[in-house]
Amino acid sequence: MSGADLFSDIVRELFAARYPVDGGGDASDGALDAERWHELTELGFTLVSVPESAGGGGGSVADACALVRIAAGHAVPLPLGETALLGGFVAAAGG
């Protein structure tokens, strides 16, 4: 199993437990779920594509894309695309 597959499996399990596809998860009223956001930040998921030397998770852009794709499949109401894929990557690239 590759590192990318392992990462995707971990993300899939995490979101499946917290945001079941069958609709049994928490309904979002548009407010940020601070507890879940903190958890994902601590795991390094919110800045997954940012190098560790820049304070990120040290993953690849492919990891960030997998994270966003899996989150979308579970209707995760958190701004992961904006942070994991776009904002953090651009900020790290700009120094």
Side-chain angles (χ1 to χ4, degrees):
M1 178 179 288
S2 74
D5 292 337
L6 180 60
F7 177 78
S8 292
D9 286 347
I10 291 167
V11 171
R12 212 173 275 108
E13 287 181 29
L14 176 74
F15 290 151
R18 288 159 180 78
Y19 302 100
V21 178
D22 65 4
D26 299 333
S28 173
D29 61 1
L32 181 72
D33 183 342
E35 183 178 336
R36 298 266 164 83
W37 186 250
H38 179 73
E39 176 184 26
L40 294 177
T41 299
E42 290 294 313
L43 291 169
F45 289 172
T46 59
L47 298 175
V48 70
S49 65
V50 176
E52 287 183 51
S53 61
S60 66
V61 172
D63 290 334
C65 289
L67 174 74
V68 171
R69 179 180 48 77
I70 295 165
H74 286 274
V76 174
L78 298 171
L80 291 168
E82 293 84 342
T83 60
L85 188 56
L86 300 174
F89 179 75
V90 170

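Computed from a predicted structure; not experimentally measured.
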Only pairs under 3.5 Å count here: list side-chain donor-acceptor contacts from residues 56-65, not counting sequence neighbours, and write none if there are none.
unit_1 : atom_1 : unit_2 : atom_2 : d
S60    : OG     : A62    : N      : 3.3
S60    : OG     : D63    : N      : 3.0
S60    : OG     : D63    : OD2    : 3.4
D63    : OD2    : S60    : N      : 3.0

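Applying the salt bridge (Lys or Arg N to Asp or Glu O under 4.0 Å) test to R69 and every residue at least two apart in sequence or in another chain returns nothing. The salt bridge (Lys or Arg N to Asp or Glu O under 4.0 Å) check on E39 picks up R18, with sequence neighbours excluded.
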*Verify side chain to side chain contact (heavy atoms under 4.5 Å, CB included) between F45 and I10, making sure each step is shown before the conclusion.*
CA-CA 11 Å; F45 289 172; I10 291 167; 4.3 Å; yes
*asked:* Evaluate L14 against Y19 for side chain to side chain contact (heavy atoms under 4.5 Å, CB included), listing each step before the verdict.
replied: CA-CA 8 Å; L14 176 74; Y19 302 100; over 6 Å; no
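Rounded to the nearest 0.5 angstrom, F7 CZ and R12 CZ are separated by 10.5 Å. A distance of 13.5 Å separates OG1 in T41 from CZ in R36, rounded to the nearest 0.5 Å.
Side-chain atoms of T83 come within 3.5 Å of backbone N or O of T46 as a donor-acceptor pair.
Shortest non-hydrogen contact noted between G81 and V68 is CA-CG2, 3.6 Å. The shortest heavy-atom contact between L67 and A84 is CD2-CB, 3.5 Å.
Between S8 and I70, some side-chain heavy-atom pair lies under the 4.5 Å cut-off.
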